[in-house]
Amino acid sequence: WLTTTHHSGLQRSRNSEISSHIDERYPRGEVIGSSGKIGSFILNSINSPVVPIVEESNNHQYPQCQPAAATPRGVSPGCLSPGNTPLYACIPSSAIEAVWDATVPHRRKDLVFL
């Protein structure tokens, strides 16, 4: 019953609501298994160079947001990035259960297995 124009307007307003709650200084996702062939390819493909942002009012530098962060071993997947951002799991099938168990419970819905 919604027209295409109306639906796209609703989608745009919803996307702006979501993006307004994400702090630009934090990564917008994580790559689990970033030292492997697929993980390193994904991490290098989606990350852009960091360019410092200088806030003119106090001359303080903030790093530019990275699209994704590499999740180091021993760190729970999902704790480095805000909720509702992807957790790219570039892992062998034998490690799926271990990664699932190690992931912060409220972030399991964000797992993307590659």
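None of these values were measured; they are calculated from a predicted model. Just the heavy atoms: all of them, side chains too, but no hydrogens, waters or symmetry mates, feed the values below.
Of all the heavy atoms in L80 and T71, the pair that sits closest is CD1-CA, 4.0 Å. Listed here is the closest heavy atom pair of V104 and G78: CG2-C, 4.1 Å. Counting all heavy atoms, side chain and backbone alike, L43 lies closest to A68 at CD1-O, 4.0 Å. Nearest heavy atoms, F41 versus S45: O-OG, 2.7 Å. The heavy-atom pair separating L114 from C90 by the smallest distance is CD1-SG, 3.7 Å.
More than 12 non-hydrogen atoms from other residues, nucleotides or ligands lie less than 6.0 angstrom from CZ of F113. More than 12 heavy atoms of other residues, nucleotides or ligands shown are found within 6.0 angstrom of CD1 on I96.
Taking hydrophobic clusters as Ile, Leu, Val, Met, Phe, Trp and Tyr residues chained together by side-chain heavy-atom distances below 4.5 Å, V112 shares a cluster with I42. The cluster map of Ile, Leu, Val, Met, Phe, Trp and Tyr, joined by side-chain heavy atoms under 4.5 Å apart, puts I91 and L111 in the same cluster.
In this structure, the separation between OG on S76 and CG on L87 is 11.0 Å, given to the nearest 0.5 Å.
Side-chain N or O atoms of E30 include none that pairs as donor or acceptor with a backbone N or O of P77 at under 3.5 Å.
Within the structure, every pair that satisfies the salt bridge (charged side-chain N to carboxylate O under 4.0 Å, His left out) test and touches residues 79-108, not counting sequence neighbours, is listed here: R107-D110.
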